[in-house]
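First listed ligand is number 1; within each ligand, the first listed atom is number 1. These numbers come from the heavy atoms of this one structure, side chains and all, not from hydrogens, waters or symmetry mates.
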Amino acid sequence: MAPKHQAPRGTRDLLPDDLGRWQWAESQARGVLARYGYGEVRTPMFEDYELFARTSGEASDVVQKEMYRFKDLGDRDLALRPENTAGVCRAYLEHGLGGRGRIHKLWYMGPMFRYGRPQKGRYRQFHQIGAEIIGTPAPGADVEMIALFVDLFEAWGFADLTVAINSVGTPASRRAYGDVLRAWLAPARERLSADSQARLDVNPLRVLDTKSEGDLAILHGGELGPLPHMIDHLDADSLVHWDAVRAGLEAADIRYEVDHGLVRGLDYYTRTAFEVHDRTLGAQSALGGGGRYDGLIEALGGPPTPGVGFSIGMDRAMLVLEQRGAGGAGPAGGVYVVAMDATRAAATRLARELRHEFAVELDVEARGFGAQMKAAGKSGARVALILGEDEWNRGEVGLKDLAGGGQRTVARAGLEQALREILASPAAAVARPTE
Ligand code: HAM
């Protein structure tokens with residue numbers, strides 16, 4: 001019989017087999033973030049709809065097509081967060097963090113929600129790890145962000161990553177470049193996809209982000225001459241910033257390439273924008289991205305406060321690790337307690353005591369010895385701790401090293417030490433004959 005319910009389209013359940021890898025990656029990330037001196041923030045998974053409309057941009061796909069917008073029973077206009085930079089900046093203002101120190105380094109991890117067409121690497125509920133530095137316009141902050149971005153990937157075993165960077169200037173220089181782009185594309189306008197024609201009117205830079213083959217041929221095929229670059233239309237201050245960021249990346253030995261076509265899908269970006277892609281993922285290849293957002297906090301009613309940050313799409317990063325069979329320590333080899341009818345109660349007590357230090361499993365079904373030994377073998381445990389009635393009455397227990405086959409008897413008083421030795425030893429090297 002088919003089950004009556006399935007997880008909603010575009011969402012998925014992560015089961016223990018998947019979560020080994022996720023938890024490993026999350027703990028690696030926590031370590032890197034702590035060593036960079038970032039503090040965690042947790043903000044609500046839904047916010048006022050207006051917060052996202054105002055920051056991501058009314059014309060962005062995220063707001064136009066992908067928002068989980070709803071009214072609650074109090075008739076409030078809310079939305080599940082499609083991203084978390086807006087939420088973090090809202091919290092920054094709400095708690096007056098600006099008055100408690102000039103620069104704040106924050107990170108977050110959690111689910112985000114976008115109503116896109118589900119496909120490999122694209123989900124309606126997905127997970128991000130992100131970081132933000134709020135309070136400084138210095139190019140050094142952009143460099144630190146990109147270094148942190150790369151170091152997180154490296155902690156997960158991604159080597160040879162190249163970050164793509166661009167500058168999207170200020171709103172004014174972007175408008176000027178938009179006019180240049182619109183004029184450059186004018187002769188081919190009618191042949192552009194409907195999507196790009198619409199974007200050309202509202203936000204011409206977004207045309208550069210087209211996936212349409214026809215559009216790409218027009219943009220890069222040469223018929224209109226070389227594509228004008230945003231970098232060549234930057235205002236003077238943004239150009240100085242751009243040069244300083246590149247010099248900083250070089251000084252820090254961070255590999256990057258300039259991607260003149262890199263425009264981000266959210267409207268709040270100013271100056272630096274960056275992304276990293278993994279082409280093995282197909283269409284949804286962006287593993288993460290970010291950039292500077294110097295006008296965002298002001299747009300939320302705060303004082304002018306610059307910021308820069310990024311988010312990594314965990315689902316995609318974990319897909320790549322899974323494809324490579326990398327990441328994620330399996331269950332730590334622990335102890336499986338095997339009891340007889342007469343020692344069952346003692347086994348429950350002993351297991352609880354041992355769990356102060358060791359990973360300990362126990363048969364909850366009170367099955368026979370053979371079934372328990374089989375379960376111990378399957379569990380991934382390193383040691384079967386056997387509580388035979390006579391031994392237990394003598395103050396002893398049996399230990400079977402499941403990786404080496406050897407079995408011995410030890411006194412209860414020496415049990416913890418014996419377990420430590422076996423668990424710390426390489427497989428098959430510990431087994432000593434029964435004493
Ligand atoms: P974003 O580029 O929209 O930026 O998202 C960052 C990453 O989230 C993407 O590169 C991708 O890996 C992942 N992602 C986005 N949508 C989906 C989806 N539907 N399914 C799976 N993964 C997805 C931001 O969200 C900005 N808040 C980044 C930022 C922080 N900028 C400044 N600070």
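Residue Y269 holds the heavy atom nearest to atom 31 (N) of ligand 1 of all those in Y269, F274, Y293. Of the listed options F126, F310, F113, F126 places a heavy atom closest to atom 23 (C) of ligand 1. Looking at Q128, R316, H277, R292 and measuring to atom 25 (O) of ligand 1, the nearest heavy atom belongs to Q128.
Among residues at least two apart or in separate chains, salt bridge (charged side-chain N to carboxylate O under 4.0 Å, His left out) pairs with a member in residues 274-288 are R264-E275, D278-R324.
Residue-level proximity to ligand 1 for M112 is absent, since no heavy atom of it falls below 4.0 angstrom. Contacts of L287 with ligand 1, taken as heavy-atom pairs under 4.0 Å, involve the backbone alone. Only the side chain of R264 comes within contact range of ligand 1, with a heavy atom under 4.0 Å; no backbone atom does. In R114, the part holding a heavy atom less than 4.0 Å from any atom of ligand 1 is the side chain.
Close approach to G313 involves these atoms of ligand 1, each under 4.0 Å from a residue heavy atom: 7 (C), 8 (O), 12 (O), 13 (C). Each of the following atoms of ligand 1 lies closer than 4.0 Å to a heavy atom of E83: 25 (O), 26 (C), 27 (N).
The protein atom (non-hydrogen) at minimum distance from atom 12 (O) of ligand 1 is A286 O, 2.7 Å. Looking from atom 28 (C) of ligand 1 to the surrounding protein, the closest heavy atom is S311 OG, 3.1 Å. Closest protein heavy atom to atom 33 (N) of ligand 1: E132 OE1, 2.8 Å.
In this structure, G116 falls outside the shell of residues with a heavy atom less than 4.0 angstrom from ligand 1. For D315, the heavy-atom gap to ligand 1 stays at 4.0 angstrom or more. For G288, the heavy-atom gap to ligand 1 drops under 4.0 angstrom. Heavy atoms of G130 come nearer than 4.0 angstrom to ligand 1 in no pair at all.
Side chain of H104 to backbone of L97: a donor-acceptor contact under 3.5 angstrom is found.
Ring geometry for Y177 versus H233: interplanar angle of 30 to 60°, hence tilted.
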Q: Give the intermediate values and the outcome of side-chain hydrogen bond (donor to acceptor under 3.5 Å, both in side chains) for residues D142 and H241.
A: CA-CA 10 Å; D142 308 43; H241 188 88; 2.9 Å; yes
Q: Given side-chain hydrogen bond (donor to acceptor under 3.5 Å, both in side chains), test Y336 with Q372 step by step and report yes or no.
A: CA-CA 9 Å; Y336 198 103; Q372 290 182 64; over 6 Å; no
